[in-house]
Visitor: 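Pasting a structure below so you can have a look.
All values below were derived from every heavy atom in this structure, side-chain atoms included, with hydrogens, water molecules and symmetry-related copies excluded. This is a predicted model, so every value here is computed, not measured.
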Amino acid sequence: QGQLVESGGGSAQAGGSLRLSCSAARYTYTSSCIGWFRQAPGKEREGVASIYPGADGTNYHDSVKGRFTISKDDDKNTVYLQMNSLKPEDTAVYYCAATGVVETLPCALQSDRYEYWGQGTQVTVSS
């Protein structure tokens, strides 16, 4: 319960794309909000996007609206973050997290609502 494994980070040029994946244990996947967060050096962790696999609602930080898309694959218990039109300011360590329970919808973007965290994956965008 609670185990999250991220993959898909790497490097891209500005304007390019990357896709991150977050695989969750089945119980965690079906009972949680799943969120993507990022933390750049010297900055606080911020919520990027969130989704509740049991419904269709999503939530995005204003800075990524129109560029990032969060989606899910119920057969694989996996949540994806498709990142398009990348900017150098998107450079950060990206974390997948799960709340463990669903309290409100749409799913929050505040990190203190999330109980389980992945190990993080680096995304670097060069200009």
Side-chain angles (χ1 to χ4, degrees):
Q1 178 178 348
Q3 183 177 7
L4 301 167
V5 179
E6 301 118 333
S7 61
S11 299
Q13 297 279 346
S17 299
L18 287 171
R19 188 178 79 158
L20 306 181
S21 300
C22 173
S23 296
R26 180 64 182 174
Y27 179 80
T28 300
Y29 181 84
T30 58
S31 63
S32 301
C33 285
I34 307 290
W36 284 100
F37 295 79
R38 65 186 180 187
Q39 188 165 21
K43 294 188 176 182
E44 293 186 356
R45 187 173 297 185
E46 67 176 3
V48 174
S50 61
I51 189 169
Y52 172 47
D56 293 330
T58 57
N59 197 10
Y60 293 93
H61 189 279
D62 286 346
S63 66
V64 305
K65 285 182 180 177
R67 300 190 299 123
F68 291 9
T69 302
I70 191 169
S71 63
K72 62 186 179 73
D73 185 331
D74 295 337
D75 291 335
K76 296 181 179 179
N77 303 330
T78 298
V79 171
Y80 303 97
L81 184 67
Q82 178 66 44
M83 304 184 294
N84 298 330
S85 302
L86 284 164
K87 304 176 180 180
E89 51 263 44
D90 294 320
T91 295
V93 177
Y94 283 71
Y95 298 89
C96 172
T99 56
V101 295
V102 177
E103 294 179 342
T104 59
L105 292 176
C107 295
L109 292 177
Q110 291 79 27
S111 60
D112 60 2
R113 299 286 189 92
Y114 289 76
E115 182 174 356
Y116 305 106
W117 292 82
Q119 79 283 3
T121 185
Q122 177 70 46
V123 171
T124 303
V125 183
S126 57
S127 58

Visitor: Could you pull out the closest heavy-atom pair between L105 and V102, with the gap in Å?
Guide: CD2-CG1, 3.9 Å
Visitor: What's the shortest heavy-atom distance between Y29 and D74, and which atoms?
Guide: OH-OD1, 2.5 Å
Visitor: Is it possible for you to check whether R45 lies under 6.0 Å from the centre of the six-membered ring of F37, through NZ or CZ, and within 45° of that ring's axis?
Guide: no
Visitor: Near E44 CD, under 6.0 Å, is it more than 12 heavy atoms from other residues, nucleotides or ligands?
Guide: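 It does not: E44 CD has 12 such atoms or fewer within range.
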Visitor: Output every pair passing side-chain hydrogen bond (donor to acceptor under 3.5 Å, both in side chains) with a member in residues 106-115, not counting sequence neighbours, ordered by first then second residue.
Guide: none
Visitor: Looking at G47 and H61, what are the two nearest heavy atoms and their distance?
Guide: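 Looks like O-CB, 3.3 Å.
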Visitor: Between V48 and Y60, is there a shared hydrophobic cluster once you connect ILVMFWY residues whose side-chain heavy atoms come closer than 4.5 Å?
Guide: yes
Visitor: Mind checking side chain to side chain donor-acceptor pair (under 3.5 Å) for S21 and listing every partner two or more places apart, or none if nothing turns up?
Guide: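 Here no residue qualifies.
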Visitor: Which heavy atom of T121 sits nearest a heavy atom of L20, and at what distance?
Guide: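 Of all heavy-atom pairs spanning T121 and L20, the closest is CG2-CD2, 4.1 Å.
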Visitor: Would you compute the distance between atom CD1 of I70 and atom CE of M83 and round it to the nearest 0.5 angstrom?
Guide: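 Output value for this atom pair is 11.5 Å.
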Visitor: First locate atom CZ of R19, then atom CG of L81, and finally report the distance between them rounded to the nearest 0.5 Å.
Guide: 10.5 Å
Visitor: Taking the side chain as everything from C-beta on, heavy atoms only, tell me whether D90 gets closer than 4.5 Å to R67.
Guide: yes
Visitor: If I compare all heavy atoms of G100 with all of S32, which pair ends up nearest, and what's the gap?
Guide: N-OG, 3.0 Å
Visitor: Once you round to the nearest 0.5 Å, how far does CG of L86 lie from CZ of F68?
Guide: 5.5 Å
Visitor: Supply the atom-to-atom distance I51 CD1 to Y80 OH, rounded to the nearest 0.5 angstrom.
Guide: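 Reported value, rounded in 0.5 Å steps: 11.5 Å.
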Visitor: With a cut-off of 3.5 Å and sequence neighbours excluded, list every side-chain donor-acceptor pair involving residues 8-18.
Guide:
unit_1	atom_1	unit_2	atom_2	d
S17	OG	N84	OD1	2.8

Visitor: Enumerate the residue pairs fulfilling disulfide bond (SG atoms under 2.5 Å apart) with a member in residues 49-99, sequence neighbours excluded, ordered by first and then second residue.
Guide: C22-C96
Visitor: Name all pairs fulfilling the disulfide bond (SG atoms under 2.5 Å apart) condition that reach into residues 98-127, sequence neighbours left out, sorted by first residue then second.
Guide: C33-C107
Visitor: How long is the span from the CG atom in L4 to the CG atom in N77, to the nearest 0.5 Å?
Guide: 11.0 Å
Visitor: From S63 OG over to K87 NZ, what is the distance, rounded to the nearest 0.5 angstrom?
Guide: 8.0 Å
Visitor: Given a cutoff of under 4.5 Å between side-chain heavy atoms of I, L, V, M, F, W and Y, with clusters grown through shared members, what are the other residues clustered with L109?
Guide: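 The other cluster members (ILVMFWY side chains, heavy atoms under 4.5 Å, direct or chained): none.
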Visitor: Which pair of heavy atoms, one from Q122 and one from A92, lies closest together, and at what distance?
Guide: NE2-O, 3.4 Å
Visitor: Assign the ring pair Y95 / W117 to parallel, tilted or perpendicular, where the plane angle (0 to 90°) is split at 30° and 60°.
Guide: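 Perpendicular, since the angle between the ring planes exceeds 60°.
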Visitor: So does G120 get a backbone contact from the side chain of E6, meaning a donor-acceptor N/O pair under 3.5 Å?
Guide: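 Such a contact is found between E6 side chain and G120 backbone.
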